[in-house]
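A quick write-up on the structure given underneath.
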2 protein chains.
Amino acid sequence: MEQRIADTEERSEPPTSGVVGPSEAALLSGLDPVELRAWRAFLTRHARVARRLEADLIARSDLPLAEYDVLLQLALADGLRLRMNELADRVVLSRAGITRLVDRLTADGLVTRLKCASDARGYFAVLTSGGMARLLDATPGHLAAVRRHFLESFTAPELETLAELLERSRPLD
Amino acid sequence: MEQRIADTEERSEPPTSGVVGPSEAALLSGLDPVELRAWRAFLTRHARVARRLEADLIARSDLPLAEYDVLLQLALADGLRLRMNELADRVVLSRAGITRLVDRLTADGLVTRLKCASDARGYFAVLTSGGMARLLDATPGHLAAVRRHFLESFTAPELETLAELLERSRPLD
DNA sequence: TGCCAATCCTTGCGTTCGCAACTACTATAG
DNA sequence: CTATAGTAGTTGCGAACGCAAGGATTGGCA
């Protein structure tokens with residue numbers, strides 16, 4: 001862990017400058033330029049926006065994005081409750097992940113666990129009034145941030161297009 | 001940590017069923033339906049695709065997505081090298097994150113650190129031949145997966161649209 | 001009825017990440 | 001030339017995640 005030292009010194013100009021090497025052709029051969037652009041744009045755009053929003057949301061409401069998402073899903077759910085499984089699916093998290101996320105929210109009093117009557121294996125996560133309050137408090141600022149960092153870049157018809165495209169479910173699942 | 005037990009029993013039908021509560025109106029008031037759809041679609045689509053691709057890539061090439069991304073950026077960079085800072089920016093990771101990611105890649109012999117001649121504070125991460133080999137080996141399968149789980153959903157003009165929209169940089173940055 | 005596979009959720013463990021603090025070096029100003 | 005502010009990168013620390021294994025319960029099928 002100590003010998004992270006560099007081995008060589010850098011000559012002043014990049015050695016193979018100008019030449020891209022045999023790599024690029026081989027690398028990109030699998031994807032045509034439009035595909036590559038779309039894919040990279042999708043990836044980096046998400047990464048940047050998510051990073052930004054997470055910071056904003058924590059600074060403003062002391063609530064990570066994942067926590068916010070869970071509260072929102074519960075608030076929108078019928079009876080303000082959702083099975084752990086369903087919750088994991090909606091926020092796209094592993095089951096273990098959802099267990100601990102709900103743990104945290106429960107510790108903060110924003111959510112309660114409720115045994116499912118019809119299936120003794122199952123639990124509901126239920127939004128508490130405190131959780132609802134917290135969500136309602138955090139929402140305006142967060143939505144503003146979403147708009148500022150993402151939605152604002154597009155016109156209404158473009159948003160429609162975007163929604164339509166991204167809502168398409170993956171081919172084979 | 002032990003009293004995670006449910007407090008109450010569930011009555012057989014959801015209590016406030018049918019009624020959505022005062023919450024939804026307040027929650028969604030900040031965003032019109034199209035905005036909401038576009039935003040949620042963007043979020044969940046990314047989460048699902050990324051999760052899928054990560055699993056695929058690890059299974060097939062024992063390489064996490066972030067590692068793959070770094071190797072790719074280096075392969076595409078002039079001289080097969082990039083400053084740590086620049087690298088962090090391209091793969092959208094914190095500087096601490098990039099330090100450790102490069103640590104790992106170095107330990108695996110896929111990357112080398114090289115002192116920057118013109119600025120003694122700086123380092124280059126340089127792709128080794130082993131790293132290039134690993135990248136070339138992993139790429140075909142990965143690209144196939146990207147296509148299967150994402151690109152395949154769209155036509156060429158749609159991809160063009162998607163790329164154009166998502167490449168727009170955020171307004172104020 | 002009785003058993004075995006499947007399902008729901010949780011926990012142990014290892015890994016990764018970001019923030020904040022730190023070192024080393026550069027650049028600006030006096 | 002020296003002080004001071006700023007930048008590049010690394011490290012301690014705590015938080016969060018996923019995988020795999022485990023306990024409990026359900027559901028089909030003999």
Side-chain angles (χ1 to χ4, degrees), chain A residues 1-6 10 47-48 50-59 62-70 81-89 91-108 111 113-125, chain B residues 1-6 10 47-48 50-59 62-70 81-89 91-108 111-126:
Chain A
M1 194 175 292
E2 308 78 6
Q3 58 273 51
R4 186 188 290 164
I5 322 97
E10 167 81 344
R48 286 194 211 285
R51 172 182 285 270
R52 197 55 93 110
L53 288 177
E54 173 101 16
D56 262 42
L57 189 56
I58 289 180
D62 191 35
L63 216 54
L65 204 47
E67 268 80 346
Y68 178 89
D69 238 38
V70 165
R81 70 199 56 193
L82 242 30
R83 290 286 292 268
M84 301 295 283
N85 235 347
E86 176 66 18
L87 199 48
D89 193 57
V91 300
V92 194
L93 218 60
S94 71
R95 297 179 183 203
I98 246 325
T99 291
R100 280 164 188 143
L101 184 29
V102 170
D103 278 355
R104 276 172 266 151
L105 291 173
T106 299
D108 288 350
V111 156
R113 257 179 246 256
L114 190 69
K115 222 170 173 166
C116 176
S118 57
D119 184 342
R121 294 168 300 182
Y123 282 87
F124 285 96
Chain B
M1 194 176 291
E2 309 78 6
Q3 59 272 52
R4 188 189 289 165
I5 324 98
E10 165 83 343
R48 287 194 212 285
R51 171 183 288 270
R52 196 56 90 112
L53 288 177
E54 172 100 17
D56 262 41
L57 189 55
I58 289 179
D62 191 35
L63 215 54
L65 205 45
E67 268 81 344
Y68 179 88
D69 238 38
V70 165
R81 70 198 57 192
L82 243 28
R83 290 286 290 269
M84 301 295 283
N85 237 344
E86 176 66 16
L87 199 48
D89 193 58
V91 301
V92 193
L93 218 59
S94 72
R95 297 180 181 195
I98 246 325
T99 290
R100 280 163 187 144
L101 185 28
V102 170
D103 278 354
R104 275 172 266 150
L105 291 173
T106 300
D108 288 352
V111 157
T112 310
R113 258 177 246 256
L114 189 69
K115 223 169 172 166
C116 176
S118 57
D119 184 342
R121 294 168 299 181
Y123 283 87
F124 286 95
V126 190

Notebook entry, point to check: Under 4.0 angstrom, heavy atoms only, what part of the nucleic acid is B:A120 near: base, sugar-phosphate, or nothing?
Noted result: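 Sugar-phosphate contact only.
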Check: A:R51 or A:R83: which one's nearest nucleotide on DNA chain C is closer to the 5' end?
Finding: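 The residue closer to the strand's 5' end, by nearest nucleotide, is A:R83.
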In whole angstrom, give the distance that lies between atom [atom1] of [X] and atom [atom2] of [N].
X      : N      : atom1 : atom2 : value
A:I98  : D:dA16 : CD1   : P     : 13 Å
A:L93  : D:dA15 : CG    : C1'   : 14 Å
A:L63  : D:dA15 : CG    : P     : 16 Å
A:L65  : C:dG18 : CG    : C1'   : 15 Å
B:K115 : D:dG9  : NZ    : P     : 13 Å
A:E86  : C:dC9  : CD    : P     : 10 Å
A:L101 : C:dT11 : CG    : P     : 15 Å
A:F124 : C:dT10 : CZ    : P     : 13 Å

Note to self: What's the closest nucleotide to the side chain of B:Y123 if the choices are C:dC17, D:dG9, C:dC9?
What the structure shows: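 Of all the options, the side chain of B:Y123 is nearest to D:dG9.
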Next item on the list: With the side chain of A:E67 defined as its heavy atoms from C-beta on, choose the nearest nucleotide among D:dA16, C:dC17, C:dT10.
Entry: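 Output: D:dA16.
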Please write out each protein N/O paired with an N/O of nucleotides 4-7 of chain D under 3.5 Å, distance rounded to 0.1 Å.
unit_1, atom_1, unit_2, atom_2, d
D:dG6, N2, B:R121, NH1, 2.8
D:dT7, O2, B:R121, NH1, 2.8

Any heavy-atom pair between the side chains of [Y] and [X] that's under 4.5 Å?
X      : Y      : answer
A:I98  : A:V70  : yes
A:K115 : A:Y123 : yes
A:R83  : A:D119 : yes

Item checked: Any B:R104 side-chain N or O less than 4.0 Å from OP1/OP2 of C:dT15 ->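 No, no such contact exists.
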Rounded to the nearest 0.5 Å, how far apart are [atom1] of [X] and [atom2] of [Y]?
X     : Y      : atom1 : atom2 : answer
B:L53 : B:I58  : CG    : CD1   : 11.0 Å
A:R81 : A:C116 : CZ    : SG    : 10.0 Å
B:E67 : B:L105 : CD    : CG    : 5.0 Å

Checklist line | Trace of the side-chain contact (heavy atoms from CB on, under 4.5 Å) decision for B:R48 with A:D89 | finding: CA-CA 10 Å; B:R48 287 194 212 285; A:D89 193 57; 3.8 Å; yes
Note to self: How close do A:L65 and A:A50 get, counting heavy atoms only, and between which atoms?
What the structure shows: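 Heavy atoms of A:L65 and A:A50 come nearest at CD2-O, 4.3 Å.
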Next item on the list: Might you point out which heavy atoms bring B:L93 and B:G97 nearest each other, and give the distance in Å?
Entry: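 Closest approach of B:L93 to B:G97: CD2-C, 3.8 Å.
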Checklist line | Difference in axis direction between the ends of the helix from C:dT1-D:dA30 to C:dG30-D:dC1, five pairs, 10° | finding: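 Answer for the end axes of this duplex: 20°.
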Next item on the list: Please confirm whether any donor atom in the side chain of A:R100 sits under 3.5 Å from an acceptor in the base of D:dG18, or the reverse.
Entry: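 Between D:dG18 and A:R100, which were checked side chain against base, a qualifying N/O pair under 3.5 Å is present.
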